[in-house]
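Here is the structure we will look at, set down as structure tokens.
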Amino acid sequence: MRFQTLKGFHDILPDDFRYWRHVLNMAVDLADRFGYLQLSPPILEETRLFLRGLQEGSAVVLDKELYSFEDKDGAQISLRPEFTASVMRAYVEHGMHTWPKPVKLFAIGPLFRHEKPQAGRFRQHVQFNAELLGEEDPAADLEIMQLAYSLYDELGFQELTFQLNSIGCPNCRPAYIEKLIAYFEAHLDRLPEVDRRRLSVNPLRVLDTKEPETLALLENAPRSIDHLCNECDAHFRSLTGYLQALELPYVVNPRLVRGFDYYVRTVFEVWGAELGAQNALCGGGRYDGLVESVGGPKTPGVGVGIGIDRIVISMRGQGIEPPPLPHPLIMVLHRGDAAKVEAVRLVSDLRRNGVPALLAFGKRSLKSQFKSANRARVRFALVLGEDEIAQNAVTVRDMESGEQTLIARPKLISWLQARLDIR
RNA sequence: GUGACCAUAGCUCAACAGGCAGAGCACCUGGUUGUGGCCCAGGAGGUUACGGGUUCAAGCCCCGUUGGUCACCCCA
């Protein structure tokens, strides 16, 4: 058997990079405009970091999907499954709580989860992640949401909407969850097996069920936004007020939840055109207790994670074309050994002057070199032979029109730069 | 972890009811001197994912494995 990528892993090929470069450039540019600073935590961290402070059920699930290893010195380490934990760790480790508030950070890189591959879900995927730390203002929630929205919007995505919910805080949520449990327990006979289990493991999760029976029950189920404390309610109202002021489309979705319990108040997703079972392009929310959970001071935070692989898949599906990648516009052809040396020199000279250029390798016939030039889709083929060398000149062939001109060597670079719109 | 569908050349796909494994695209060479694209001729490329079984005979039928796709579970 030949070698192939591991299950759930894939190569990102040159053709994919038409999209990748565009998306990544756009993301970085946007982060700059919003005033976020880039950081890049290591891909490997202590396993405990990723399991910190989670309720038992969650920790088991998480552990199962974690790529964990024992290092040669016996340390328990894992490939990061998310950015947030690493960013929190870096925040505390480097004393960022002493930086002027808020601290706004972003990171781009691969994340790893040992899960069964599915549409838009891989074992390795690349995420663009932004966090805003040390600020409670609902305008901070808005900013994170807007950052995500702008990325999709400026890439050309259509029909974008926010799905928005508030799941309260440690003050008001327990009472709400009790009400929710009570409601479902009253209808236990109509609740499918899957959701009965959810109800006992992670009650909020029942809200985003796919069971038709449960969906019907949810029509009359208590909603978290109706059970917020005064502070949470005010926060939510301000946020929706800002969204309205900016005319950003949003839908309050009382069924929107997160799987982990460190989220407070705001949870959101951006939805676009269908992507199989997942129509969420990205998800984010507020997590005021996270910094504390890795040993730092109590610090509010909001963040979002944006899957780049998913963006690229979606762009392909919707026929959004990225700008073409730059490619060499010149190929230098040659005839004879003396000319070959000159050709090598010329290519090097061109590149030094910012002209992307290719050398015809080997010593094949001019005919075959022209064939290569044609396939490389260059704009000009430069020919060096005995005649040209004798005159210290180069024959320039326009590969589109077939027109040929003899250009004196000293004038060549500027002649090309003018025509190729370089500098 | 559970389930469904799928796997033939680099890519997209053919191959009657089980009877010699093919096409298009891409690739390489040639069509005589220092000129590409179009055209023409030729070439290379396969253990039909892998392992077993049934059969005179398996790409095709049966079992298993691996991988892919999709959904469930889960979702940082």
Side-chain angles (χ1 to χ4, degrees), chain A residues 1-10 13 15 45 49-54 57-66 78-88 111-122 125 127 129 131 192-195 197-198 201-202 204-205 208-211 257-263 267 269 274-278 280 282-285 287 290 303-307 313 331 333-336 339 360 364-389 395-404:
Chain A
M1 258 261 268
R2 294 197 299 179
F3 290 110
Q4 54 183 310
T5 51
L6 295 168
K7 183 196 190 79
F9 289 73
H10 64 281
L13 297 172
D15 187 55
E45 301 261 11
L49 173 65
F50 301 121
L51 300 176
R52 89 276 129 182
L54 289 165
S58 299
V60 170
V61 168
L62 219 144
D63 196 28
K64 218 173 61 180
E65 302 207 335
L66 214 49
S78 294
L79 288 166
R80 64 178 177 215
E82 58 160 340
F83 262 122
T84 306
S86 297
V87 174
M88 298 304 119
L111 305 180
F112 303 84
R113 293 177 196 178
H114 191 98
E115 59 188 350
K116 194 146 174 176
Q118 199 180 312
R121 298 174 85 172
F122 308 109
H125 73 281
Q127 196 175 94
N129 184 267
E131 322 269 354
E193 164 64 28
V194 199
D195 287 322
R197 206 186 60 243
R198 281 188 175 133
V201 175
N202 193 347
L204 281 184
R205 271 276 149 191
D208 73 350
T209 183
K210 284 164 185 164
E211 300 291 331
V257 292
R258 298 271 85 130
F260 293 118
D261 54 0
Y262 51 72
Y263 281 94
V267 296
E269 292 180 350
E274 288 279 318
L275 184 76
Q278 290 85 33
C282 70
Y287 38 77
L290 257 192
V304 64
I306 299 174
I313 291 170
M331 186 180 277
L333 319 186
H334 45 82
R335 218 176 87 90
R364 293 135 63 215
S365 66
L366 262 190
K367 180 194 180 79
S368 128
Q369 293 183 54
F370 267 105
K371 229 175 226 179
S372 302
N374 188 55
R375 272 186 307 235
R377 293 168 23 247
V378 297
R379 174 103 187 274
F380 297 109
L382 312 191
V383 183
L384 279 167
E386 291 106 40
D387 301 351
E388 286 83 359
I389 295 204
T395 297
V396 178
R397 180 183 178 89
D398 183 317
M399 292 299 283
E400 223 164 286
S401 65
E403 195 179 318
Q404 291 194 181

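Because the structure is predicted, anything quoted here is derived from the model rather than measured. Throughout, a chain's letter reflects where its sequence line sits, starting with A, and its residues are numbered from 1. Quick note: numbers below take in every heavy atom, side chains included, and nothing from hydrogens, waters or symmetry partners.
- In this structure, Arg113(A) does not reach the C74(B) phosphate: none of its side-chain N or O atoms is under 4.0 Å from OP1 or OP2.
- Residue contacts for Arg377(A): at a heavy-atom cut-off of 4.0 Å it reaches no nucleic acid atom on any strand shown.
- Put simply, Gln118(A) has a side-chain N or O that comes within less than 4.0 Å of OP1 or OP2 on A71(B).
- Of all nucleotides present, only G1(B) satisfies the Watson-Crick or G-U wobble test against C72(B), with each distance under 3.5 Å.
- Closest to the side chain of Asn202(A), from the set C75(B), G67(B), A76(B), is C75(B).
- As a whole-Å value, the separation of Phe122(A) CZ from G67(B) P is 16 Å.
- As rounded to the nearest Å, G45(B) and G22(B) have P atoms that lie 14 Å from one another.
- Checking G43(B) for Watson-Crick or G-U wobble geometry (two distances, each under 3.5 Å) identifies C27(B) as its partner.
- Rounded to the nearest Å, the gap between the P atom of U12(B) and that of G52(B) is 28 Å.
- Summarising the base pairing, G37(B) is matched to no nucleotide, lacking a Watson-Crick or G-U wobble pair whose two defining distances lie under 3.5 Å.
- Between the NZ atom of Lys116(A) and the P atom of U69(B) there is a distance of 12 Å, rounded to whole Å.
- Between Ser372(A) and Arg364(A), the shortest heavy-atom distance links the atoms OG-NH2, 2.7 Å.
- The separation between Asp15(A) atom CG and C25(B) atom P is 20 Å, rounded to whole Å.
- For the residue pair Pro81(A) and Leu66(A), the shortest heavy atom distance occurs at CG-CD1, 3.4 Å.
- Arg198(A) comes within 4.0 angstrom of sugar-phosphate atoms only, judged by non-hydrogen atoms across all strands, and of no base.
- Remark: U65(B) base-pairs with A49(B); criterion is Watson-Crick or G-U wobble with both hydrogen-bond distances under 3.5 Å.
- Side-chain proximity of Arg205(A) to A76(B), C74(B), C70(B): nearest is A76(B).
- If you check every strand for non-hydrogen atoms under 4.0 Å, Gly8(A) touches sugar and phosphate atoms only.
- Rounded to whole Å, atom P of C73(B) lies 12 Å from atom CD of Glu193(A).
- Scanning all heavy atoms of the two residues, the minimum distance from Phe83(A) to Gln127(A) falls at CE1-O, 3.4 Å.
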Close N/O contacts between protein and nucleotides 32-40 of chain B (under 3.5 Å):
{"residue": "G34(B)", "atom": "OP1", "partner": "Arg335(A)", "partner atom": "NH1", "Å": "2.9"}
{"residue": "G34(B)", "atom": "OP1", "partner": "Arg335(A)", "partner atom": "NH2", "Å": "2.9"}
{"residue": "G34(B)", "atom": "OP2", "partner": "Arg335(A)", "partner atom": "NH1", "Å": "2.7"}
{"residue": "G34(B)", "atom": "O6", "partner": "Asp387(A)", "partner atom": "N", "Å": "3.2"}
{"residue": "G34(B)", "atom": "O6", "partner": "Asp387(A)", "partner atom": "OD1", "Å": "3.3"}
{"residue": "G34(B)", "atom": "O6", "partner": "Asp387(A)", "partner atom": "OD2", "Å": "2.9"}
{"residue": "G34(B)", "atom": "N1", "partner": "Glu388(A)", "partner atom": "OE1", "Å": "3.0"}
{"residue": "G34(B)", "atom": "N1", "partner": "Glu388(A)", "partner atom": "OE2", "Å": "3.1"}
{"residue": "G34(B)", "atom": "N2", "partner": "Glu388(A)", "partner atom": "OE2", "Å": "2.7"}
{"residue": "U35(B)", "atom": "O2", "partner": "Arg397(A)", "partner atom": "NE", "Å": "3.2"}
{"residue": "U35(B)", "atom": "O2", "partner": "Arg397(A)", "partner atom": "NH1", "Å": "2.7"}
{"residue": "U35(B)", "atom": "O2", "partner": "Gln404(A)", "partner atom": "OE1", "Å": "2.8"}
{"residue": "U35(B)", "atom": "N3", "partner": "Gln404(A)", "partner atom": "OE1", "Å": "2.4"}
{"residue": "U35(B)", "atom": "N3", "partner": "Gln404(A)", "partner atom": "NE2", "Å": "3.3"}
{"residue": "U35(B)", "atom": "O4", "partner": "Gln404(A)", "partner atom": "NE2", "Å": "3.1"}
{"residue": "G36(B)", "atom": "OP1", "partner": "Lys367(A)", "partner atom": "NZ", "Å": "3.4"}
{"residue": "G36(B)", "atom": "O2'", "partner": "Asn374(A)", "partner atom": "ND2", "Å": "3.3"}
{"residue": "G36(B)", "atom": "N7", "partner": "Arg397(A)", "partner atom": "NH2", "Å": "2.8"}
{"residue": "G36(B)", "atom": "O6", "partner": "Arg397(A)", "partner atom": "NE", "Å": "3.4"}
{"residue": "G36(B)", "atom": "O6", "partner": "Arg397(A)", "partner atom": "NH2", "Å": "2.8"}
{"residue": "G36(B)", "atom": "N1", "partner": "Met399(A)", "partner atom": "O", "Å": "2.4"}
{"residue": "G36(B)", "atom": "N2", "partner": "Asn374(A)", "partner atom": "OD1", "Å": "2.9"}
{"residue": "G36(B)", "atom": "N2", "partner": "Met399(A)", "partner atom": "O", "Å": "2.4"}
{"residue": "G36(B)", "atom": "N3", "partner": "Asn374(A)", "partner atom": "OD1", "Å": "3.2"}
{"residue": "G37(B)", "atom": "O4'", "partner": "Asn374(A)", "partner atom": "ND2", "Å": "2.9"}

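- Comparing the P positions of U65(B) and A21(B) gives an interatomic distance of 30 Å, to the nearest angstrom.
- Base pairing analysis places A14(B) opposite nothing; no Watson-Crick or G-U wobble pair with both distances below 3.5 Å involves it.
- Across Ala360(A) and Gln369(A), no two heavy atoms sit closer than the pair CB-OE1, 3.3 Å.
- The separation between Phe50(A) atom CZ and C75(B) atom P is 18 Å, rounded to whole Å.
- Per the geometry, CD belonging to Gln4(A) stands 15 Å off C1' belonging to G10(B), to the nearest Å.
- Between the NE2 atom of His125(A) and the P atom of A76(B) there is a distance of 11 Å, rounded to whole Å.
- Across all strands shown, C60(B) has no partner, as no Watson-Crick or G-U wobble contact with both distances under 3.5 Å is found.
- In terms of polar N and O atoms assigned as donor or acceptor, the side chain of Arg121(A) comes within less than 3.5 Å of the base of C74(B) in a complementary pairing.
- Taking atom CZ of Phe3(A) as the reference point, atom P of G67(B) lies 15 Å away to the nearest angstrom.
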